[in-house]
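The chains referred to below are lettered A, B, ... by the order of the sequence lines, with proteins before strands, and numbering in each begins at 1. Please read all numbers here as calculations on a predicted model, not as lab measurements.
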Amino acid sequence: MWVLSMDQTRTCSKCGPQDISLFRVRSEKSNGVRRTVYRCILCDRKRKHLYYISHAKRFASQHKSWCASNRDRAREIIRKAHHKCRLEAILAYSPTASCSICGTTYLNFLAIDHIDGGGTEHRRTQKIKNISYWLKKNGFPPGFRVLCHNCNFKYGRREQPKKSIYSDEYCEKLRLDRVAFKISVLQAYGNCCACCGTDDTDVLSIDHVDGGGTKHRRKIGFGNAIYKWLRKNKFPSGYRVLCLNCNISIGVHGQCPHRL
DNA sequence: CCTTCTTTCTGAATTCGCTG
DNA sequence: CAGCGAATTCAGAAAGAAGG
């Protein structure tokens, strides 16, 4: 089936002579004799694909049982793949892998930002679940940058305020009221990040020490509800102040680089 | 046949803008 | 002032697809 020639090409019975680099070299045993076999990668891929399609159910159940008996290994593989894809996206938009505003290089802090906003709309219309995979698939298009979570919140949104039906003065008053209320609660919990010590109130947030923040918020309400709830309940323990970088790093990645 | 990579989906961590 | 939905993400599970 696979014909050998003396130069740097091999001949595939289906697609003809090809460069040797397009062949997979493997050792196979036939009639008790082991010999080197060259398989055309493209044809092999096509053949396997057809085989996969016609036996998809069997493959799926085999894979499922493999994952079940190699849980930790399967988890590690997927984690590695996600990290690789994320790093690729970050490096594509920032060769030094750093925040384009403050310059921090802690990978846990970094995220891809839509420069002109509209991230949710973009996700919804393009049905994007994981921005890194989407960017890779689309050849890392322009319009994105790398920001840390703190800068993303502090500058990312302020630069593109929504057009309100109310006057600018009224919106600014609402915002300042909220900020003042937030600061009054933050002061009860130290008013600086319990991890890195930053006291920039624009990036400080309340962290649920034992997790479960989303469930709690769903119960008591979104927005400033958490600050109202804390004040109403006389600033209970189990909460602390963290900046968004440390909060998201601990909440999502499990640990903060400041503690490594 | 076993292992690895890719993609999709769900739920987790937050704050802010708007409206009745 | 209360509450909804928008805004930023990532990890892990599961399924799909491919590699060796």
Contact list (N/O, under 3.5 angstrom) for nucleotides 14-16 of chain C vs protein:
from, atom 1, to, atom 2, distance (Å)
C:dG16, O6, A:His63, NE2, 3.1

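Here the P atom of nucleotide C:dG19 and the CG atom of A:Leu50 are 13 Å apart, to the nearest Å. Between A:Arg240 atom CZ and B:dA13 atom P there is a gap of 13 Å when expressed in whole angstrom units. If you take OH of A:Tyr239 and P of B:dA13, they are 12 Å apart, rounded to a whole angstrom. If you measure from atom OH of A:Tyr227 to atom C1' of C:dA2, you get 17 Å, rounded to the nearest angstrom. Taking atom CG of A:Asn245 as the reference point, atom P of C:dT8 lies 17 Å away to the nearest angstrom. The CG-C1' distance, from A:Leu230 to B:dT14, rounds to 14 Å in whole Å. Distance A:Trp229 CH2 to B:dT15 C1': 18 Å, rounded to the nearest Å. Protein atom CZ of A:Arg86 is 15 Å distant from nucleotide atom C1' of C:dG12, rounded to whole Å.
The side chain of A:Asp207 has B:dT14 as its nearest neighbour among B:dT14, C:dC10, B:dT15. Counting only heavy atoms from C-beta on, A:Arg58 has its side chain closest to B:dC1 among B:dC1, B:dT14, C:dC10.
Between the CG atom in A:Leu204 and the CG atom in A:Asn150 there is a gap of 8.5 Å [rounded to 0.5 Å].
Exactly one of A:Cys148, A:Ser98, A:Cys243 qualifies for a side chain to side chain contact (heavy atoms under 4.5 Å, CB included) with A:Phe109. That residue is A:Cys148.
A:Ser100 places no side-chain N or O within donor-acceptor distance of the main-chain N or O of A:Leu147, the cut-off being under 3.5 Å.
Between A:Asn245 and A:Tyr106 the shortest side-chain heavy-atom distance does not fall below 4.5 Å.
Between A:Leu110 and A:Ala97, the closest heavy-atom pair is CD1-O, 3.4 Å. Shortest non-hydrogen contact noted between A:Gly197 and A:Cys192 is O-CB, 3.7 Å.
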